Asks: 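Just passing along the structure, written as structure tokens.
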Amino acid sequence: GHFGPYGGRFVSETLSFALDELEKTYLSLRDDPEFQAEFDYDLAHYVGRPSPLYHAKRWSESLGGAQIWLKREDLNHTGAHKVNNTIGQALLAKKTGKPRIIAETGAGQHGVASATVAARLGLECDVYMGAADVERQKLNVYRMHLLGARVIPVESGTRTLKDAMNEALRDWVTNVDNTFYIIGTVAGPHPYPLLVRDFNAVVGREARRQSLEQIGRLPDALIACVGGGSNALGLFYPFVEDDGVAMYGVEAGGDGVETGRHAAPLASNAPRGVLHGNRTYLMSDEAGQVSDTHSISAGLDYPGVGPEHALWKDVGRVEYVAANDKEVLEAFRELTHMEGIMPALETAHALAHAKVLAPTMRTDQHIVVNLSGRGDKDIMTVAKLDGIE
Ligand SMILES: Cc1ncc(COP(=O)(O)O)c(/C=N/[C@H](C(=O)O)[C@@H](O)C(C)C)c1O
């Protein structure tokens with residue numbers, strides 16, 4: 001693997017050439033000043049970076065402990081961190097001269113971010129999305145259509161993210177000559193977990209500089225939700241050598257890890273397995289059959305996790321916890337009422353852990369939470385639960 005015993009490239013032979021080509025292209029461009037300049041230009045002038053590091057003063061005071069700072073990825077163009085990665089991968093697609101991109105999506109944010117860069121670069125775009133997620137993230141489905149992308153509902157399996165990624169990989173095997181697969185998280189065969197982490201690391205580099213400017217020192221703790229794990233790695237990676245900075249990855253506890261109805265492979269110490277081309281922690285049975293997952297949030301509803309997180313769990317650099325659906329809804333409502341900021345349900349998992357951690361810390365300590373996305377897409381879900389639709 002590329003992350004200790006994790007990662008690797010467990011895919012069919014037909015993809016090996018494309019993955020070799022992608023790795024060579026990426027590794028040469030990663031150190032190319034022109035490529036980096038184009039990437040930085042698009043992040044500044046199209047995405048709107050840098051995103052603010054906002055002191056949630058009223059919320060922090062209400063919790064009575066550490067100061068909570070929100071890294072506002074919800075303010076990016078398209079409303080989440082996903083666009084950092086799709087801008088980078090679209091530049092790679094342009095370099096390889098492929099006229100079509102495909103993507104998988106669950107929450108729809110990655111699908112929208114892919115359709116957005118496809119529109120901007122004049123590329124054809126097909127997005128695979130579990131039929132269950134098409135239902136619960138309708139706003140984003142309409143956005144993808146309006147952006148000119150085709151949304152392909154996936155009826156197989158649990159009709160969620162895992163199944164969408166299976167179909168996307170199948171499409172890529174068939175159409176690898178004219179198609180670039182923009183993977184939306186730090187999963188998939190090498191080099192995807194590496195390049196998706198690198199494209200997202202702009203978040204952590206900004207947050208580190210902003211902490212020194214606005215707080216006057218590094219933060220005491222970082223918190224981010226973990227679906228495949230890209231927003232968490234993007235925030236954490238630039239801090240990994242800073243031993244004084246604790247890191248918490250928050251997975252989907254669903255109905256409670258003890259019930260089995262969750263999507264928390266790390267927090268539940270799931271067995272190791274191979275999914276979507278990489279070896280990692282995988283919610284699966286003794287025969288290696290992938291387990292069904294449950295989460296109120298489509299974006300975290302995934303039985304696997306990025307291989308770099310698997311390694312960081314084993315070496316103890318990051319503590320992985322789970323937040324249950326109930327705690328997530330409370331955190332969604334609390335931030336909306338206390339700060340006038342409506343977070344995505346995925347993001348609310350990180351906020352739920354901030355509610356647990358902050359009161360255990362002193363008021364002169366600081367936590368940075370990755371506000372990975374905005375909650376517009378989830379309003380109907382919450383309204384239904386409130387019986388006010
Ligand atoms: C606002 C928001 N916050 C967190 C996540 C979790 O994805 P990671 O950051 O890759 O763990 C997501 C994941 N969304 C993806 C999507 O929009 O398609 C996800 O469902 C898949 C790409 C994995 C998200 O939309």
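All ligand and atom numbering here is 1-based and tracks the order in the structure. Since this is a predicted model, take the numbers as computed values, not measurements. Numbers here are sequence positions counted from 1.
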Asks: Is the shortest side-chain N to carboxylate O distance from Glu135 to Lys138 below 4.0 Å?
Replies: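 Counted as a salt bridge, because a side-chain N and a carboxylate O are separated by less than 4.0 Å.
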Asks: Do ligand 1 and Val186 have nitrogen or oxygen atoms that lie under 3.5 Å from each other?
Replies: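 Val186 vs ligand 1: no N/O contact under 3.5 Å.
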Asks: Would you mind listing which atoms of ligand 1 come within a distance below 4.0 Å of any non-hydrogen atom of His81?
Replies: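 Going through ligand 1 atom by atom, the ones under 4.0 Å from His81 are 2 (C), 3 (N), 4 (C), 5 (C), 9 (O).
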Asks: Is there any N or O on Thr185 that sits under 3.5 Å from an N or O of ligand 1?
Replies: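 Yes, since at least one N or O of Thr185 sits under 3.5 Å from an N or O of ligand 1.
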Asks: In terms of the angle between their ring planes, are Trp312 and His309 parallel, tilted or perpendicular, with boundaries placed at 30° and 60°?
Replies: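 Geometry flag for His309 against Trp312: perpendicular rings.
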Asks: Any N/O of Glu104 closer than 3.5 Å to an N/O of ligand 1?
Replies: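 Min N/O separation from ligand 1 is not below 3.5 Å for Glu104.
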Asks: In terms of relative ring orientation, are Tyr26 and Phe199 parallel, tilted or perpendicular, with 30° and 60° separating the classes?
Replies: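 Because their plane-to-plane angle is over 60°, the rings of Tyr26 and Phe199 count as perpendicular.
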Asks: Using a 4.0 Å cut-off to any heavy atom of Gly373, which atoms of ligand 1 qualify?
Replies: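 In order of numbering, the contacting atoms are 1 (C).
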Asks: Mark the output for Arg374 as yes if a heavy-atom distance to ligand 1 is under 4.0 Å, and as no if none is.
Replies: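 False for this residue.
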Asks: Would you please determine whether Gln137 falls within less than 4.0 Å of ligand 1 on a heavy-atom basis?
Replies: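 No heavy atom of Gln137 comes that close to ligand 1.
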Asks: More than 12 heavy atoms of other residues, nucleotides or ligands under 6.0 Å from CD of Glu13: is that the case?
Replies: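 Count not over threshold, so no.
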Asks: What I want to know is whether Lys82 and ligand 1 share at least one N or O pair that is separated by under 3.5 angstrom.
Replies: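 There is such a contact, yes.
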Asks: Which of the atoms in ligand 1, numbered in the order shown and given with their element, are less than 4.0 Å from a heavy-atom of Ala107?
Replies: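 Near Ala107, the atoms of ligand 1 are 14 (N), 16 (C), 17 (O), 18 (O), 20 (O), 25 (O).
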Asks: Below 6.0 angstrom between ring centroids: does that apply to His337 and Phe332?
Replies: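 Not close enough - the centres of the two rings lie 6.0 Å or further apart.
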Asks: Is the shortest N/O to N/O distance between Gln109 and ligand 1 below 3.5 Å?
Replies: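 Looking only at distances, the answer is yes, because the N/O contact criterion of under 3.5 Å is met.
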Asks: Output yes when the distance from some N or O of ligand 1 to some N or O of Gly106 is under 3.5 Å, and no in every other case.
Replies: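 Between Gly106 and ligand 1, an N or O pair is found under 3.5 Å apart.
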Asks: Output yes when the distance from some N or O of ligand 1 to some N or O of Gly227 is under 3.5 Å, and no in every other case.
Replies: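 Yes, since at least one N or O of Gly227 sits under 3.5 Å from an N or O of ligand 1.
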Asks: Taking 4.0 angstrom as the limit and counting only heavy atoms of His110, give me the atoms of ligand 1 inside it, by number and element.
Replies: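 Near His110, meaning under 4.0 Å from one of its heavy atoms, ligand 1 has 16 (C), 17 (O), 18 (O), 22 (C).
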Asks: Backbone or side chain, does any N or O of Gly229 fall under 3.5 Å from an N or O of ligand 1?
Replies: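 Looking only at distances, the answer is yes, because the N/O contact criterion of under 3.5 Å is met.
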Asks: Pairs of nitrogen or oxygen atoms closer than 3.5 Å, one from Leu300 and one from ligand 1: do any exist?
Replies: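 There is no such contact.
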Asks: Using side-chain heavy atoms (C-beta onward) and a distance below 4.5 Å, is Glu319 in contact with Val321?
Replies: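 Of all side-chain heavy-atom pairs linking Val321 with Glu319, at least one is under 4.5 Å.
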Asks: Heavy-atom distance under 4.5 Å between the side chains of Thr116 and Ser114, does that happen here?
Replies: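 Sidechains of Ser114 and Thr116: no contact.
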Asks: Which word best sums up how the rings of His190 and His2 line up, parallel for under 30°, tilted for 30 to 60°, or perpendicular for over 60°?
Replies: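 His190 and His2: parallel rings.
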Asks: Please work out which of the three classes, parallel, tilted or perpendicular, describes the rings of Tyr46 and His77, given edges at 30° and 60°.
Replies: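 Aromatic pair His77/Tyr46 classed perpendicular.
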Asks: Has the side chain of Ser60 got a donor or acceptor atom that lies under 3.5 Å from a matching backbone atom of Ile68?
Replies: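 Flag set: sc Ser60 to bb Ile68 pair under 3.5 Å.
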Asks: Of the protein's non-hydrogen atoms, which lies at the shortest distance from atom 3 (N) of ligand 1, and what is that distance?
Replies: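 Ranking protein heavy atoms by distance from atom 3 (N) of ligand 1, first comes Ser372 OG, 2.8 Å.
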Asks: Number the atoms of ligand 1 from 1 as they appear, then name those within less than 4.0 Å of a heavy atom of Cys225, with their elements.
Replies: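 Once the distances to Cys225 are compared, the set is 4 (C).
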Asks: To which protein heavy atom is atom 18 (O) of ligand 1 closest, and what is the distance rounded to 0.1 Å?
Replies: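 Result: Thr105 OG1, 2.5 Å.
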Asks: Using heavy-atom distances, let me know which of Glu346, Glu251, His349 sits nearest atom 24 (C) of ligand 1.
Replies: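 Going through Glu346, Glu251, His349 one by one, Glu346 has the nearest heavy atom to atom 24 (C) of ligand 1.
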Asks: Should we count CD of Glu34 as having more than 12 external heavy atoms under 6.0 Å?
Replies: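 Not buried by this count: 12 neighbours or fewer within 6.0 Å.
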Asks: Mind checking whether Arg279 and Pro5 have side chains closer than 4.5 Å, heavy atoms only?
Replies: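 Yes; the side chains approach each other to less than 4.5 Å.
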Asks: Of the side chain and backbone of Leu161, name the one, both, or neither that has a heavy atom under 4.0 Å from an atom of ligand 1.
Replies: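 Only the side chain of Leu161 comes within reach of ligand 1.
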